[in-house]
Structure formats: structure tokens, C-alpha cells
Amino acid sequence: MEDLRQQAITYLPGIGPQRAKMLEAELGIKTWRDLLYTFPYKHIDRSRLYKIKELTTEMPFVQVLGQFLSFEEAGQGRKHRLTGHFWDGEMFLDVTWFHGISYIKKSVKLRQDYILFGRPGVYGGRLSVIHPDLDKPETMTLSKMSMQPYYSTTDRMKKAGMTSRTLEKFTSTLFSKLTWPLPETLPQYLIERLHLMPLDKALRAAHYPSTADELAAANMRLKFEELFFIQLVIMSYARKRQQERVGQRFTRVGEAFNTFYHKYLPFPLTEAQKRVIREMHADMKSGRQMNRLLQGDVGSGKTLVALMVMLIAIDNGCQTCIMAPTEILAEQHLQTFLGFLKDMPVRVELLTGNVKGKKRKAIEEGLLDGSIDILIGTHAVIEDNVQFNNLGLVIIDEQHRFGVAQRAKLQERPSPNHSLAGRGADTTKDGHYSSLCKGEAGRGSEEGSGVGPHVLVMTATPIPRTLAMTVYGDLDVSIIDELPPGRKPVRTIHIYDNQPEQLYRGVVREIEAGHQVYFVFPLVKESEKLDLKNVQDEFVHLKEIFPQYRISMVHGKMKPSEKDVEMQRFVSGETQILVATTVIEVGVNVPNASVMVIQNAERFGLAQLHQLRGRVGRGAEQSYCILVSNYKLSAETRKRLQIMTETNDGFEIAEADLKLRGPGDLEGTQQSGIAFNLKLANLGRDGQLVQLARDTATFVLDADPDLLAKDNTLLRRHLQELKKEHRDWSQIS
Ligand code: ADP
Ligand code: MG
């Protein structure tokens, strides 16, 4: 049986080389199995016949048994039509054709039974059906008389005469050849436990169900299976890694942490901040490598959390680094860290593409000799060419821009100075915390293989739970679900770009009250020139409108040093308005800014809009986000902007985003690849099934971690195949 499914598609009667070529090119169908797993996108219920008197215009497609008693042609040109009078023994129905009239006249016979299939409507004031399908009752097999499958085809296929009907013929032929039950892929105990439909029945019913309920049960079984195997792969990798990945043991909470906590912490931590710090410390002292995702909405105080976990690492004799997606952000982290740490003897350095020559050399030396405690930099810079003496913790800020493969690479990278135990007082300087203690490596470092750093990724782009479970399923997750006290939710207003006066008045009011304002434009990816022009035009334009104010401008084409100067002018309050492209999207922190104006808001995705909005509302004042859009909006865009005006909750927005766009488009998830080979399941809509799949995978692996039990033989084999197929999956964990 297994073999039969591997048969090339050309072994199916009715499919010659020509059609086989088309099927492969257009739908990727090469084998019987591929065809089996090419599911209909919908079914139409043909299980019952209606009487004409029952028909209403609200009905979807229906079928009626009857005969044509006469035809009549009328109209000229585009109105030229053929109308048949269809009689079901009680009543007449008009049936109308505008095309193919001569073919109909030739082939359709009067006073013979037909099953008419179409959608009732009104034409010329009378109930009628336009361009129906007609079948002779004797050709309607049992399967066709039930739920009829509809398959997607491409334009090229349609041109070559391959329609949904053609595919239907192929699948029904296929099932007629598959006379033995298809082999089961899930163990019997799971099928019973979850009341699943057996695979053989589910596959047949997914194409040819006899009722809508049966179709639903079949779909549920097949979706579950897809999701379950993904979870099984992810979780078995994650468990393995947990066992194998030895981490440095940060048992000590020492002077650096305590001094900061007691002397320099400018405000009390929120309960959520305290909780996540405890969660991370528990990881870092466990002897296993931390691999954690920290999610917290914009402004929830992740930077401070990052700093405090870094201090724990420093207390244990290790170096740390934090990677930001942009130079502006790295620069800002530097300022924040220096501000927080005041005169504590912690050496913090910034490394970006901009740091060159002597300065760079000094930093490289400081990293190698261990005297730099905290390195702040951009992803691009730190990732490849930087060598540490003893890197114990890597923090990646704004993970949604950071690829999954990159994360894996980082985690495997041991410090060049492999023997952590060898690192002692000789590499340290007076008063330097590193001299106080050293990391105690877990067992695995005995062979001198090196121990990779703990990894923490931080993101403010909330990831819907179901997606997180799938894409980041191997990561432990900490969530900051609380904002620092005293924040007022940002008020969001959507306006059209033809009425800017009110907007300008509001801007003046806010600036007069001592606040600052952002004007942000979408990046024009297709044309950097146009992009630049947009920002520059707006800069000039705003200067005309607000001659009394000073305006900064930041865009992607500026030299980093120029960018810094302009940013700094805004941060210091010298300029009141900042005009920018999305370079400011993540992380920028200017608590005095109270208005975020987003131009061409229709061009941004929800996640981006939410990020941008997060740049205001950081102080205690009421802040505003003004979404300025074109008047012409698609329904989806309108919905997006409406969601923004209705909620400030990042998780709600992420869920809405997933529903609106589907997972394939969500930022940062493209690289993961795994979630998108799903044929039936949809991470946006099938959240509960994802949870069930995960719970079931946990249940199975808890009882039998290596799937060695006889009952799990099927699972073990399938898992091995999957792992072979998807080598890249191992990268993810
Ligand atoms: P994000 O999570 O978006 O990275 P930040 O770390 O930039 O947020 O923090 C936003 C602002 O909140 C900063 O100005 C920071 O100093 C402030 N902040 C952080 N934690 C607290 C706290 N516990 N109480 C008050 N303000 C805080
Ligand atoms: Mg941040």
C-alpha cells in the first residue's frame, strides 16, 4: 500500500505525460500521494434535490430534477440570450444562457430528465438560474450526489481545459484504485483517546464526504495530524537540547546586581519585571543553557530587565552583549545603560559599523582580555567577527528582525577562551567586578569543548500564542504583562489626508504645552529615491507650516553620524518635531514626545503601526497617535486602522493581524519555514487544535521520551523521516 502511494501520477488512468507535466508544474503533484493530499478548497452539498417552489434567491448552489419543455431566443448583441423553461412537475423555472447558445441548443434535449445545478437569482423580474451545470441523472454516481468537491486550479490549467471537474475525476479514479485501507499514521491509543477518524476514512472523506459533519471530522483529524507532528518534532528537539546543552552556572547574585538594585535603580520594578528576572535567573543557575524569549509590549521596560540579567552574568565573571537591530537603537541603549549604571565600575562599550581604527582596536582588545563587561552593538557587527574572552550571555533586542538560523548560530558559539575554569584573577583589574568571581561551568565543559552563552531574545512584537508555539516552540517564554505605573493609554485617531488643518492645530497645541511630535513615513522599498524625496518634501512642507519650530529629519540614506546628530537634537529637546522614515520604528525612547503622526498609515502593517505608536505614551502625559491615510482604502486596510483605534493591547493586535493576513506574512516568521507547509491547518484559525497538538505531544513524550514503546513505533518512524526531510528544523532549536 505504501508503495502504491509512491506511484508516479502517470500510472493513474487518464493522466498522460502532458497532464502529468501540468500537474507537477502548477500544483506540485508528482505521485498518487501528492494527489491524495491535494484537498478541495470547498464542497457543495449535492446530497439533496430541491423543488422549484422551495427556491429563494438567498440560496447557494442547489439542484433540481426536471425537464425542459421549450426554449426561446431573445435580445440582440450583448443581451442576446437563450431561455429554457424548466419544469419539475409542479412549477416552471427560467434557465438562461448568454454564451454557448448554439452548443446548448444542439446538446440539450427537450422532455428528458436533467439534474440542474446552479444558484437561484432574479432575471427580468423572474426567478431564474443562469448558466447552470446540467447532468443526466444516470451519470450522477453516488459520490457526485453528495458533497461535491471543488479543487483549485491555476489559469494555465484552466486554459488547457483542466478544471476542478477534471481533478475530481482524477481523485475519484485514484480512490477506486486504492481498494485497501491506507495505512494509519497515528497510534491506535491516540486515535481512541482523541476520538479521531482513522486516516483511511479521513482522506476519503476529505475529498468525498457524505455529510458536512463527516467532512468536519475528517478535516479535524488531518489538521490535527499536521500540527501534532510539527509539535512532536519541535518538542523532541527542545527536550534533547535541554538535556544536552550544558550552560554556565550563574549561581551568584553579587555585588554588581545588588549595588545597582539598592543604590541606582531609579524606580521600583513592576511585579512583572521582577517575575521575569527570577525566571531568567532560574534558567541561568540551572546548569543548562538559557534559551528564552522575553515578550513585553512596547514601553513595558525590557531594557531594564536586560540590564539586570546582564549584571547577574557579570557577577559570575562573564561578559555580556546586547544586540540591537539598528545603530540608533544601539546608541540609545548605550546612553540608557550609562545613565542607569552611573559611576558603577562596569565597562560598557558600543560597537557598530561606525566604530573604526584605534577605537575599534581598543574594544576588540577589551573584549579579548575580558575587561569589557557589556558590549552593545548592532546584530550585523556582533554576530560574525567579534571575539570575547568569556561571553556568558547574549541578549537580542527586537527579535522579529533576527533570523532563526542566526539565533542557532549564536547559541552554538563558544568563547574563544574555552576553559572557563582557567579564567581567574589574572585577567582582571582592580575594582572590576570580574575579579570577584567566575562562572562555574556545567559538566559539559570538561573536555574543553566550550559552553555556549545563555541566550535571551526580546521582542515587543507580540506573537500570537499559536504561532509562538509553532515558530518559537523550542523557546521558553517569559512575558511582561504589565506596564510601569502612571502610563495613560495612547489615544489613537484615524483621519484622512485631505483635512490636515485640525491635525496641525493639535500639533501646535501639544508643542506649546512643551511636548514633541513625530511625523513618520513609510519606507518606499521599491524606490529609495522616492523614499528620500518623501521625507525631504515633508521636511520642507512642515517647515512652511510650522516656521516657529525647529525640525529634525532622519532617514535611511543619512550617514550614521548625521543621523545621530539629528536624533540627539530631538532627544535633547532642541528640536520639537522629528520627521523620519521607519528607522525609528523600534525602541527609540523620548518620553517627552506625545504625538505620533503616521502618514500613509494604510501602507503599514499592524505590527509596525503598533511599534510606532509605542514611541509615544512613555511619559505621564496623555499621548496621541494620528493615523493619516488616503481616502480610498480596501476593506482589510480599513479594518486594520480600525483595530488600531480600538485597542492598545499588543497581543490583541497580533491575533487580529494573524487572522487578517495569515501567518506567512507576519514579520520575522518567514525564515522559520515550518509553519507554512501546512496544507489544511491554519495557525490563525486553528488555535485550539495547535494547543491540543502540543498537549498531546507533551503527553506522548512525557510517557516515552525516545518513542521506544511498541505503541509509538509509527511515531518514531515518521519523526525520523520528518527530521530527514527538514534538516533545517534542527536549526530552530
Ligand atoms: P521596551 O520594553 O519597549 O523596550 P523600555 O525598556 O524602553 O521599554 O522602557 C520604557 C520606559 O519605561 C523607559 O523610559 C524606562 O526607563 C521606563 N521604565 C522601565 N521600567 C520602569 C518601572 N519599573 N517603573 C517606571 N518606569 C520604568
Ligand atoms: Mg526596547
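Atoms within each ligand, like the ligands themselves, are counted from 1 in listed order. All values reported here derive from a predicted model rather than from experimental measurement. FYI, side chains are in, hydrogens and waters are out, and symmetry mates aren't considered; it's all heavy atoms of this structure.
Of the candidates Gln332, Gln611, Lys302, Lys302 brings a heavy atom nearest to atom 1 (P) of ligand 1. Taking all heavy atoms of Ala272, Gly486, Pro484 into account, the minimum distance to atom 25 (C) of ligand 1 is reached by Pro484. If you check each of Gln295, Arg487, Arg615 against atom 17 (C) of ligand 1, the one with the closest non-hydrogen atom is Arg487.
Residue contacts with ligand 1 for Arg618 involve side-chain atoms from C-beta outward but no N, CA, C or O (heavy atoms, distance under 4.0 Å). Counting heavy atoms closer than 4.0 Å to ligand 1, residue His333 contributes nothing at all. Contacts of Pro266 with ligand 1, taken as heavy-atom pairs under 4.0 Å, are absent altogether.
Taking a cutoff of 4.0 Å between a charged side-chain nitrogen and a carboxylate oxygen, Arg569 and Glu566 qualify as a salt bridge. Taking a cutoff of 4.0 Å between a charged side-chain nitrogen and a carboxylate oxygen, Glu349 and Lys359 qualify as a salt bridge. Ionic pairing of Arg275 and Asp481 is present here: one or more N-O contacts between side-chain nitrogen and carboxylate oxygen are shorter than 4.0 angstrom.
The shortest side-chain heavy-atom distance between Leu609 and Ile653 does not fall under the 4.5 Å cut-off.
With respect to His610, the side-chain hydrogen bond (donor to acceptor under 3.5 Å, both in side chains) criterion is satisfied by exactly one of Thr647, Asp297, Asn648: Asp297.
Inclusion of Pro485 in the set of residues having an N or O under 3.5 Å from an N or O of ligand 1 is not warranted.
At most 12 non-hydrogen atoms from other residues, nucleotides or ligands lie less than 6.0 angstrom from CD of Gln502.
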Evaluate the side-chain hydrogen bond (donor to acceptor under 3.5 Å, both in side chains) criterion for residues Gln516 and Tyr549: first the C-alpha distance (whole Å), next the side-chain angles of each, then the deciding distance (0.1 Å), finally the verdict. CA-CA 10 Å; Gln516 290 164 285; Tyr549 301 134; over 6 Å; no

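For ligand 1, the atoms sitting less than 4.0 Å from at least one non-hydrogen atom of Thr270 are 23 (N), numbered in the order shown with element in parentheses. Per-residue contacts place Ser300 under 4.0 angstrom from the following atoms of ligand 1 (heavy atoms of the residue considered): 2 (O), 8 (O). If you number the atoms of ligand 1 from 1 as listed, the ones under 4.0 Å from a heavy atom of Pro268 come out as 22 (C), 23 (N), 24 (N). Per-residue contacts place Thr303 under 4.0 angstrom from the following atoms of ligand 1 (heavy atoms of the residue considered): 4 (O), 5 (P), 6 (O), 7 (O). In summary, the atoms of ligand 1 found under 4.0 Å from a heavy atom of Leu269, numbered by their order in the structure, are 23 (N).
Checked against the 6.0 Å centroid criterion, the rings of Phe539 and Phe519 do not qualify as a close aromatic pair.
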